[in-house]
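All ligand and atom numbering here is 1-based and tracks the order in the structure. Nothing fancy with the numbering, it's 1 onward along the sequence.
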Amino acid sequence: MGYEASLRVWRGDAGSGSLVDYEVEVNEGEVVLDVLHRLQATQASDLAIRWNCKAGKCGSCSMEINGMPRLGCMTRMSTFEQEDVLTITPMRTFPVIRDLVTDVSFNYAKARTIPSFSPDPAIKLGEFRMQQEDVNRSQEFRKCIECYLCQDTCHVVRDHTENEGAFSGPRFLMRVAELEMHPADEADRRNIAQDDFGLGYCNITKCCTEVCPEHIKITDNALIPMKERVAGRKYDPLVWLGSKISRRPEKAGTPAVPGKR
Ligand code: SF4
Ligand code: F3S
Ligand code: FES
């Protein structure tokens, strides 16, 4: 049975804005995005919302609902009590363009800086064989729909915009980890993870994992294994001794990484 929900929706642009109260009809089975569309159709035709698939697959409808980063199209109204007031705001970490639409270009800029997949050119197409566990790992990370909810929630940038240059965020550290652990990738990505992508800023609070709509275990399966690899290189006494004797870059004396060819 339908009811009227109380919404407080952030309206404004990069210059200024405020929360505006609305009462909007809700029908059985609806999600937050349905109710925002009804608000748009009946009371606020200029309300800006980004969305595409309404199926949790395009990653466009990221927003904050009662302060929690979520997809509007995957958040059922039945999650809340009928008398609850729903406060709907844009992702806090990214600059507002208008209403619930933010400028997420920070993420595209970070993505472009990741050195691409670097297989051994001597291995021809169809020759390489992978263990199933390596396939599973890549497939888990490839479920990412680039909603950037993990990027929005991570306190390293959310609370400290000054870290934007040094920290790429969980989504892109996960991509670096995916490539580092890929058995066909020849590049050593441990230094760039630490120095260029700011792995050391992550203190494994796991907030990124909690909000991921694809349920990717970002912290346990990507960030912590990557930290272990970086620590292994830094504190391995053989690596240290080798670098002192040969006075060559560390990579030349680094033993093979487990799982890496
Ligand atoms: Fe979204 Fe999860 Fe991908 Fe982060 S890792 S961008 S939360 S799908
Ligand atoms: Fe941030 Fe996730 Fe690490 S929330 S601190 S990247 S575990
Ligand atoms: Fe595509 Fe919500 S509209 S994920």
Practice task
Indicate yes or no: at least one non-hydrogen side-chain atom of Leu7 is less than 4.5 angstrom from one of Leu36.
Solution key: yes
Practice task
Could you list which atoms of ligand 2 come closer than 4.0 Å to a heavy atom of Asn203?
Solution key: 5 (S)
Exercise for the section: Check whether any N, O or S atom of Cys154, backbone or side chain, sits closer than 2.8 Å to atom 2 (Fe) of ligand 2. Expected result: no
Handout entry: Within reach of ligand 1, part of Glu146 (heavy-atom separation under 4.0 Å)
Key = backbone
Problem - Atoms of ligand 2, numbered as shown, that sit under 4.0 Å from any heavy atom of Cys207 - result: 4 (S)
Handout entry: Contact partition for Met74 relative to ligand 3, non-hydrogen atoms under 4.0 Å
Key = neither
Problem - Subset of ligand 1 atoms that lie under 4.0 Å from at least one heavy atom of Arg171 - result: 6 (S)
Practice task
Can you pull out the closest protein heavy atom to atom 8 (S) of ligand 1? Residue, atom name and distance to 0.1 Å, please.
Solution key: Ile145 N, 3.4 Å
Practice task
Pull out every atom of ligand 1 sitting under 4.0 Å from any heavy atom of Cys144, numbered as shown with elements.
Solution key: 3 (Fe), 5 (S), 6 (S), 8 (S)
Problem - Degrees at atom 2 (Fe) of ligand 3 between the SG atom of Cys73 and the SG atom of Cys61, nearest 10° - result: 100°
Problem - Carboxylate-amine/guanidinium proximity below 4.0 Å for Arg229 and Glu180 - result: yes
Practice task
Below 4.0 angstrom from a heavy atom of Asn52, which ligand 3 atoms are there? Numbered from 1 as shown, please.
Solution key: 3 (S)
Exercise for the section: Would you please determine whether Val211 falls within less than 4.0 Å of ligand 1 on a heavy-atom basis? Expected result: no
Problem - For Pro170, the ligand 2 atoms whose distance to one of its heavy atoms is below 4.0 Å - result: 6 (S)
Practice task
Select one of side chain, backbone, both or neither to describe which atoms of His155 lie under 4.0 Å from any atom of ligand 2, heavy atoms only.
Solution key: side chain
Exercise for the section: Anything under 30° is parallel, anything over 60° is perpendicular, the rest tilted; go ahead and classify Phe94 against Tyr148. Expected result: perpendicular
Problem - Contacting atoms of ligand 3, where contact means under 4.0 angstrom from a heavy atom of Gly56 - result: 4 (S)
Exercise for the section: Give the atoms of ligand 2, by number and element, whose distance to some non-hydrogen atom of Lys206 is under 4.0 Å. Expected result: 7 (S)
Handout entry: Close-contact set for ligand 2 against Thr205 heavy atoms, below 4.0 Å
Key = 4 (S), 5 (S), 7 (S)
Handout entry: Atom indices of ligand 2 within 4.0 angstrom of Thr219 heavy atoms, with elements
Key = 7 (S)
Completion exercise
ligand 2 atoms nearer than 4.0 angstrom to some heavy atom of Cys202 are 3 (Fe), 5 (S), 6 (S), 7 (S)
Practice task
Any atoms of ligand 1 less than 4.0 Å from a non-hydrogen atom of Ile218? List them with their elements.
Solution key: 5 (S)
